[in-house]
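Let me begin by presenting the structure, written as structure tokens, before commenting on it.
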Amino acid sequence: MASTQSNMSANIVLGTYSMITQFPHSAFLAIHIYTCGASILNQVLLLTAAHCVYEHTNPEEYIAFVGHNTRQKGSQYAVLKFTIHEDYHSKFIWNDIALLRLKKDLNFGRNVARVLLLPDPPYDEMAAVAGWGVTEVGGSFVSNFLKHVSQKVYKRKACVLIGLKRVPRGTICGEHKEKNGHPEEGDSGSALVVRGYIQIGIVSFNRPDVSKTNTVYTDTGYFYQWIKENARKLYCSDQMQ
């Protein structure tokens, strides 16, 4: 496949301030000197983008925060280990998916809840993505507060209709209906959800040189089996120690 190199950019530009109860699956990841998002799969596992963790192999550099719309005010959890897709390609951004195993269990409640993953999720519904990334294109101000924006979702073959001609397999695309908001730097790894809890994508990248409003998401339906198998391995390997 031809190169899908991008000016990597993936907080929510424009968008709406959110309560954590609207997106209780959202986790804020502080990784070394930068930040990403993630979603809660169960009491000990988080789902994120591979490019968030690819360059930092020491899980002690990772801290996850959950349960509060103000980042770093939520409950804090250390990361024990992680798994990156075995065929992740950092240059072309192929197979941009990873799992994190926390050192201790999350406490579920009104502010902390898991997403639902499906092998064939409802892509044709209006979706939303929430995160704590930068709030303007090319800016450096990172929001302390959770924001979200709605997204119209396109299957990979339809991505050309919104200006993206080259996207990796296992991805979907999204844009705001009025092109009035999108994920930005710091939102990578955050969940794209429908009905508030069914995850259909993971913020991967956009192509500012092609379109500043279109975002490419890792398709969780496409990677459903990989998530299922590797979540089991990551969890069970810890239980056997």
Does R156 use its side chain to pair, donor to acceptor, with the backbone of P168 at less than 3.5 Å?
yes

Side-chain contact test, heavy atoms from C-beta onward, threshold under 4.5 Å: evaluate it for T70 versus F145 and give yes or no.
yes

Atom OG1 in T218, atom CZ in F205: separation rounded to 0.5 Å?
8.5 Å

Check the pair I40, L46 against side chain to side chain contact (heavy atoms under 4.5 Å, CB included), reporting the backbone distance first and the verdict last.
CA-CA 5 Å; I40 299 170; L46 304 181; 3.8 Å; yes

So which heavy atom on S190 is nearest to which on G131, and how close?
OG-CA, 4.2 Å

Would you compute the distance between atom CD of Q199 and atom CG of L47 and round it to the nearest 0.5 angstrom?
5.0 Å

Where is the tightest heavy-atom contact between A127 and V194, given as atom of each residue plus distance?
CB-CG1, 3.7 Å

Got a donor-acceptor contact below 3.5 angstrom from the T220 side chain to the I200 backbone?
yes

Donor-acceptor pair, W132 side chain versus N69 backbone, under 3.5 Å?
yes

Can a donor-acceptor pair be found, under 3.5 Å and without considering hydrogens, that links the side chain of S18 to the backbone of H148?
yes

So D219 and Y123, side chain to side chain contact (heavy atoms under 4.5 Å, CB included) or not? Walk me through it.
CA-CA 10 Å; D219 181 352; Y123 298 103; 2.6 Å; yes

Quick check: does any side chain N or O of Y62 sit under 3.5 Å from a backbone N or O of V53, one acting as donor and the other as acceptor?
yes

So CG of L192 and OG of S204: to nearest 0.5 Å the spacing works out to 12.0 Å

Could you check if a side-chain atom of R101 sits within less than 4.5 angstrom of a side-chain atom of L45, using non-hydrogen atoms only?
yes

Are any of the side-chain heavy atoms of L41 and I227 separated by less than 4.5 Å?
yes

In terms of heavy-atom contacts, Y197 and R195 come closest through CD2-O, 3.0 Å

Under the side chain to side chain contact (heavy atoms under 4.5 Å, CB included) criterion, do L29 and L100 qualify, and how do the steps go?
CA-CA 10 Å; L29 292 179; L100 303 174; 3.6 Å; yes

Check step by step if side chain to side chain contact (heavy atoms under 4.5 Å, CB included) holds for F28 and H68.
CA-CA 10 Å; F28 172 72; H68 204 286; over 6 Å; no

State yes or no: do I63 and I20 share one hydrophobic cluster built from I, L, V, M, F, W and Y residues joined by side-chain heavy-atom distances below 4.5 Å, directly or via other members?
yes

Ring center gap for F223 and H85 short of 6.0 angstrom
yes

Distance in Å, N214 CG paired with N206 CG, rounded so as to fall on 0.5 Å steps
8.5 Å

Does Y217 reach the side chain of V153, with side-chain heavy atoms less than 4.5 Å apart?
no

Quick check for you: to the nearest 0.5 Å, what is the distance between C52 atom SG and D96 atom CG?
7.5 Å

Given side chains that start at C-beta, do those of V44 and Y77 come closer than 4.5 Å, heavy atoms only?
no

Gap between atom CG of N107 and atom CD of Q43 - 0.5 Å precision:
9.5 Å

Would you say V129 ends up clustered with L116 if hydrophobic residues are merged whenever their side chains have heavy atoms under 4.5 Å apart, either directly or through other cluster members?
yes

Step through the shown structure and confirm whether more than 12 heavy atoms of other residues, nucleotides or ligands are within 6.0 Å of CD on E60.
no

Would you check if F65 and T35 make a side-chain contact, meaning some heavy-atom pair closer than 4.5 Å?
no

